[in-house]
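Report on one structure; see the data block that follows.
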Amino acid sequence: MKRLSLVLAALSFLVLAGCSTTGDVATETVEDEAPRQEVETTDTEARAVEDTEALEGDPLDDPSSPLANRVVYFAFDSSELSSDDIALLEAHARHLANNPDLRVVVEGHTDERGSKEYNLALGERRANAAVRILTLNGVGQNQVESVSFGEEEPVALGSNEEAWAQNRRAELVYSNR
Amino acid sequence: MDQRKQPRFLRAFIAAALVVAYALTGNAQGQLMLDITGGVERAVPIAVVPFQVEEGSAKPAHDIAEIIGANLRRSGKFEPLSNRELIARPSQLSDVRFQQWRALGIDNLIIGAIRETDDGRYELRFELLDVYTQARVAGRRYRVSPQSLRPLAHNISDIIYEALTGVPGAFNTRISYIEVDHRDDNTRRHKLILADADGHNPETVLTSRQPIMSPAWSPDRRQIAYVSFEENRRSAVYIQTVATGERERIASFRGINSAPAWSPDGKRLALTLSRDGSPNIYVYDVDTRDMTRITNSSAIDTEPTWSPDGKTLYFTSDRGGPPQIYRVSSNGGRVQRVTFEGSYNARPALSPDGRRLAMVHRDDGGFRIAVMDLRTRELRVLTDGSNDESPSFAPNGEMIVYSRIRGAQSQLATVSLYGRANIGLPVLGDRVQNPSWSPR
């Protein structure tokens with residue numbers, strides 16, 4: 001389940017990252033943890049950055065880092081965060097505060113139940129709840145943005161509590177790394 | 001259900017008046033039919049005999065009688081006999097042996113014939129017959145192109161419906177909706193589609209990799225307002241002119257830009273923006289492009305819809321806890337709660353006469369389409385799905401189109417207020433959702 005969310009989060013990031021990315025490439029990239037390679041093939045300056053980072057490793061790419069988890073979940077018609085999720089968001093907040101050039105988009109989502117336009121508003125409230133934790137913990141207003149997709153972008157396509165629970169979420173999407 | 005028992009003389013008077021008004025069509029039998037059902041919501045059997053294709057003529061691409069029968073069935077007021085129940089297949093009045101149909105308990109019979117003409121068009125005639133008076137209630141002749149056969153079948157359905165019920169039909173109208181297809185490469189295609197009210201003749205007017213939501217017809221049917229995430233994956237409200245495909249982005253503020261709804265005069269659009277913090281209702285003036293804030297709450301206010309006189313907006317809000325429906329003057333001011341029954345009422349849609357409010361209502365079984373009588377406050381649940389959404393009234397107020405969502409699949413369906421005929425529309429696609437019924 002955790003692993004699945006991670007893959008889904010990574011997948012949705014990759015889909016976001018470039019509209020031209022095909023499904024095949026995206027799948028491959030997830031398996032090979034390849035985003036780093038993309039950085040290496042850019043210009044010299046970027047490669048220099050890559051060299052230093054290679055020593056420390058980008059915690060966002062480290063599956064054992066708490067930052068590898070970028071999704072928080074909600075109860076039906078709720079935007080309340082659990083204490084675990086708040087702790088996760090605080091970890092991201094520290095990372096963002098320490099790296100003020102990083103930008104993150106928090107995407108809010110709902111399950112399919114209830115009305116679509118209300119759900120779009122509910123998704124925004126969820127995204128905002130996560131953003132609030134980030135900004136309260138030192139993340140700059142210019143680093144974060146919330147976007148809602150309501151029930152339009154489910155990650156699980158069932159009509160049962162398990163699928164709904166996976167879809168009621170806010171995802172952190174790092175946009176410039 | 002609305003039709004009260006009327007004294008015979010009044011019926012006769014109405015019938016006489018209508019005979020004058022409509023030449024061929026009369027209304028007397030319609031009233032009689034409804035008296036017989038006496039408020040019990042029961043579909044009345046009717047016979048729609050397959051139209052005779054005249055000898056030597058090519059069979060037309062569309063079965064006119066089948067289209068008419070399907071329309072009447074979806075109205076909830078009629079139950080057309082199946083073809084194998086038909087005891088005879090007359091095509092003209094002189095062939096009809098009325099006592100046979102009377103024995104079947106049929107009040108009305110629809111017959112007709114069609115033939116291809118030398119210039120590739122079709123000549124078609126239909127007759128609506130009353131089994132008891134053995135008279136013709138309505139009938140017409142047409143000459144149309146093959147492409148016009150389906151619209152003509154809807155037009156004939158409207159004539160029959162009005163002749164029998166006294167209420168104008170809404171079969172010759174359109175719906176707009178969103179189709180979402182899941183691709184093998186893990187992307188989605190979202191399409192804004194316009195189709196006939198029975199789901200046929202779909203026409204895609206916008207395709208996007210990003211979500212499209214909330215289509216809304218302008219009162220003159222010339223434009224559609226909708227929400228699209230095409231620009232940088234952010235919601236924005238667009239107005240598109242149907243005939244030209246030309247479009248304009250009217251709201252792309254920070255936060256959500258959502259839920260457009262045209263005022264009855266087409267001069268304003270109510271919509272939801274969260275640009276000033278939480279989602280609130282705004283009114284956009286189409287000419288001046290002024291955006292006026294109507295509600296002022298820190299809760300969610302969304303899904304505005306107009307009363308027919310344009311004076312009141314109904315909307316969804318969770319200001320009091322779970323979502324309920326509220327109303328406010330379209331100039332702003334004091335907000336009043338409208339729904340109290342149930343733990344979740346959202347997405348209001350007002351009937352064209354302003355008397356009924358359709359909504360998404362949560363009951364024990366799930367999220368369903370319910371209708372509330374605004375005078376008596378009586379709430380009736382019309383559908384039985386687990387996740388029914390996006391109700392939109394037909395322009396005659398007698399039916400509602402909505403979407404039934406079930407995981408990866410969703411379907412459009414119509415439900416009638418009378419008789420509650422709840423029937424899926426034959427529309428393809430992985431997910432078909434967010435329907436909106438056009439005005440007439």
Side-chain angles (χ1 to χ4, degrees), chain A residues 7-8 11-12 14-27 30 76-79 105 107-128 131 141 145-160 162-164 167 173 175, chain B residues 178 180 182-188 190 209-214 227 229 232-235 254-256 258-259 272 274 277-279 299-304 316-318 322-323 343-348 359-360 362 366-367 386-387 389-391 403 405-410 430-431 433-434:
Chain A
V7 170
L8 287 170
L11 249 180
S12 59
L14 286 165
V15 171
L16 278 184
C19 283
S20 60
T21 315
T22 68
D24 286 344
V25 173
T27 317
V30 171
F76 177 74
D77 197 25
S78 166
S79 56
V105 175
E107 297 186 355
H109 300 270
T110 70
D111 66 27
E112 65 183 12
R113 295 178 301 162
S115 119
K116 290 175 102 58
E117 290 78 10
Y118 177 79
N119 279 341
L120 189 64
L122 178 60
E124 184 182 57
R125 182 187 278 166
R126 285 175 179 164
N128 286 342
V131 165
Q141 298 281 357
E145 188 186 356
S146 55
V147 177
S148 175
F149 292 95
E151 64 180 77
E152 307 305 312
E153 300 205 329
V155 287
L157 289 177
S159 272
N160 49 61
E162 197 190 334
W164 294 329
N167 290 331
V173 179
S175 53
Chain B
I178 308 299
V180 186
H182 295 266
R183 297 290 180 96
D184 291 341
D185 62 2
N186 236 330
T187 61
R188 299 186 176 102
H190 305 258
R209 284 168 179 260
Q210 308 304 337
I212 308 170
M213 292 176 70
S214 314
V227 173
F229 287 70
N232 196 27
R233 278 173 58 82
R234 302 292 187 271
S235 60
R254 188 177 164 271
I256 62 171
S258 171
T272 303
S274 64
S278 56
I300 292 171
D301 288 352
T302 187
E303 304 177 337
T316 307
S317 178
D318 72 345
S343 62
Y344 189 113
N345 291 301
R347 179 59 194 241
M359 66 195 80
V360 174
R362 185 179 202 176
F367 295 82
S386 57
N387 188 26
E389 287 189 353
S390 305
S403 62
I405 296 198
R406 231 167 270 250
Q409 306 266 298
S410 67
D430 293 333
R431 280 188 92 116
Q433 55 196 31
N434 235 198

R362(B), part contacting chain A, at a heavy-atom distance under 4.5 Å:
side chain
Starting at OG of S235(B), measure out to CD of E152(A) and round the result to the nearest 0.5 Å.
11.0 Å
Quick check on R183(B) against chain A: is it the side chain, the backbone, both or neither that has a heavy atom closer than 4.5 Å?
neither
Report the option among S386(B), S278(B), S274(B), S390(B) that has the most heavy-atom pairs separated by less than 4.5 Å from atoms of chain A.
S274(B)
Please determine, among R347(B), H190(B), H182(B), E303(B), the option with the most heavy-atom pairs under 4.5 Å with chain A.
E303(B)
Determine the interplanar angle of the F367(B) and F76(A) rings, folded into 0 to 90°, and report it as parallel if under 30°, tilted if 30 to 60°, perpendicular if over 60°.
tilted
Restricting to side chain to side chain donor-acceptor pair (under 3.5 Å), what partner residues turn up for R126(A), sequence neighbours left out?
none
Under the side chain to side chain donor-acceptor pair (under 3.5 Å) rule, collect the residues that match up with N387(B), sequence neighbours excluded.
none
Under the side chain to side chain contact (heavy atoms under 4.5 Å, CB included) test against E117(A), which residue among S258(B), P279(B), P304(B) passes?
S258(B)
What is the distance from atom CZ of F149(A) to atom CD1 of I256(B), rounded to the nearest 0.5 Å?
12.5 Å
Interface check, chain A: of A346(B), P391(B), P211(B), most non-hydrogen pairs under 4.5 Å belong to P211(B)
For each of A127(A), P154(A), S146(A), tally heavy-atom pairs with chain B at distances under 4.5 Å, and name the one with the top tally.
P154(A)
Under a 4.5 Å cutoff for heavy-atom pairs, which residue among E151(A), E145(A), E153(A) has the most contacts with chain B?
E153(A)
State the CG-CG distance between D77(A) and D318(B), to the nearest 0.5 angstrom.
6.5 Å
Need one label for T302(B): side chain, backbone, both or neither, based on atoms under 4.5 Å from any heavy atom in chain A.
side chain
